[in-house]
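Heads up: the structure comes next, in structure tokens.
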Amino acid sequence: SRSPALMCTAWLLVCFMAACGSEPAATPSADGQTSAGPGCPKVTIGEPAEATASSDLTVSVTVLGDTFDVRGAVVRAASCTANTPCPLVVVVVDRDTNAWPDYAVPAAQLAGNAKIVVAIFNLPGTGPGGLASKGEQDFGGTYHVTAVKEVMRVVSAKKIVDNTKIGYVTLGFGLVPTASALKLFGGNSLKEVSFLIDVEGPVDRCSASESP
């Protein structure tokens with residue numbers, strides 16, 4: 001947490017992602033809002049406080065000579081522009097979840113309420129139909145780790161992103177490749193990453209024990 005603004009963003013992420021999962025979110029006040037503490041704004045977790053824009057994301061990844069595309073989307077608050085870049089959150093979901101398009105609405109709510117850029121993507125070997133990411137579903141192995149690194153590297157280079165305020169949010173098994181990526185690349189291509197917020201992982205009650 002490099003600044004109060006980043007701390008507020010982290011709080012919003014925790015409240016928002018808790019609301020998307022099975023755990024209860026922070027108790028709202030009578031007006032349906034949740035306060036993030038001194039110096040932090042009140043935000044409604046439902047409808048975005050600001051209009052958002054979305055664009056498709058395709059990232060080319062190479063693992064051991066195998067080159068493949070990872071599919072996803074970048075969602076940003078309307079105020080996030082090249083002239084006013086915003087913090088970036090890359091969301092890495094559970095091993096059996098289709099981040100794109102299943103998280104399209106939550107990503108818009110998060111981007112609009114926290115006034116940030118949000119990247120969601122399907123891990124290699126996951127995703128529905130034409131939105132599937134290619135590569136191997138290796139359950140947190142080299143394919144997943146490399147994809148996690150490359151998505152952050154590519155999206156954080158966009159002009160709409162303030163690359164001094166970038167980080168990950170992980171759900172369930174998503175913690176496994178993300179922690180590995182930070183361990184392997186934290187001194188190089190991921191050196192600007194400021195935070196990792198884990199919602200529930202890597203053991204999300206039962207799914208880890210069911211992995212091959």
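Only this structure's heavy atoms are used, side chains among them; waters, hydrogens and symmetry mates stay out.
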Exercise. Which atom names give the shortest non-hydrogen contact between Ala108 and Thr52, and what distance separates them?
Worked result: O-CG2, 3.4 Å
Exercise. Can you find a pair of side-chain heavy atoms, one from Phe195 and one from Val89, that are under 4.5 Å apart?
Worked result: yes
Problem set entry | Side-chain touch Val61/Val59, heavy atoms, less than 4.5 angstrom | yes
Exercise. Is there a side-chain contact between Tyr103 and Leu171, using heavy atoms and a 4.5 Å cut-off?
Worked result: yes
For this session: Look up atom CD in Glu150 and atom CG in Leu190, then write down how far apart they are to the nearest 0.5 Å.
Result: 9.0 Å
Exercise. Do you know the tightest heavy-atom contact between Asp162 and Pro85?
Worked result: N-CB, 3.6 Å
For this session: Could you tell me which non-hydrogen atom of Leu184 sits nearest to which non-hydrogen atom of Asn188, and how far apart they are?
Result: O-ND2, 4.5 Å
Exercise. Under 3.5 Å, is there a donor-acceptor pair linking the side chains of Glu50 and Ser79?
Worked result: yes
Exercise. Would you say the side-chain atoms of His144 and Glu136 include a donor-acceptor pair closer than 3.5 Å?
Worked result: no
For this session: Using atom types as modelled and distance alone, determine if a side-chain donor or acceptor of Gln137 lies under 3.5 Å from a backbone N or O of Arg95.
Result: yes
Problem set entry | Side-chain donor/acceptor of Asp69 to backbone N/O of Thr58, under 3.5 Å | no
For this session: Of all the heavy-atom pairs spanning Gly112 and Pro48, show the shortest one and how long it is.
Result: CA-CB, 3.9 Å
Problem set entry | ILVMFWY cluster, Val151 and Val75 together (side-chain gap under 4.5 Å) | no
For this session: Verify, without hydrogens or angle tests, whether Asn122 (side chain) and Ala99 (backbone) share a donor-acceptor contact under 3.5 angstrom.
Result: yes
Exercise. Taking Asn98 for the side chain and Asp102 for the main chain, is one N or O donor matched with an acceptor at less than 3.5 Å?
Worked result: no
Exercise. Of the options Ile197, Asp198, Ile120, which is the one that meets Val169 in a side-chain contact (heavy atoms from CB on, under 4.5 Å)?
Worked result: Ile197
Exercise. Looking only at atom types and distance, does a side-chain atom of Tyr168 sit under 3.5 Å from a main-chain N or O of Val148, one as donor and one as acceptor?
Worked result: yes
Exercise. Quick one: which of Lys158, Glu192, Arg76, Met152 gives a side-chain contact (heavy atoms from CB on, under 4.5 Å) with Leu88?
Worked result: Met152
For this session: Nearest 0.5 Å please: distance from the CD1 atom of Ile160 over to the CG atom of Asn83.
Result: 12.5 Å
Seminar exercise, completed: In terms of heavy-atom contacts, Phe173 and Phe139 come closest through CE2-O, 3.4 Å
Exercise. If you take all heavy atoms of Val92 and Pro177, which pair is closest and at what distance?
Worked result: CG1-CG, 4.5 Å
Problem set entry | Side chain to side chain, Thr62 and Thr146, heavy atoms closer than 4.5 Å | no
Exercise. Can you tell me how far CZ of Phe185 sits from CZ of Arg153, rounded to the nearest 0.5 angstrom?
Worked result: 11.0 Å
Exercise. Is there a side-chain contact (heavy atoms from CB on, under 4.5 Å) between Leu196 and Leu175 once you walk through the steps?
Worked result: CA-CA 9 Å; Leu196 164 61; Leu175 176 61; 3.9 Å; yes
Exercise. Just by modelled atom types, is the Ser60 backbone N or O under 3.5 Å from a matching donor or acceptor in the Thr67 side chain?
Worked result: no
For this session: Working to the nearest 0.5 Å, report the span between CG of Leu131 and OG1 of Thr126.
Result: 10.5 Å
Exercise. Taking atom CG of Leu182 and atom NZ of Lys149, what is their separation to the nearest 0.5 Å?
Worked result: 12.5 Å
Exercise. Does a side chain donor of either Asn163 or Ser156 reach within less than 3.5 Å of an acceptor in the other side chain?
Worked result: no
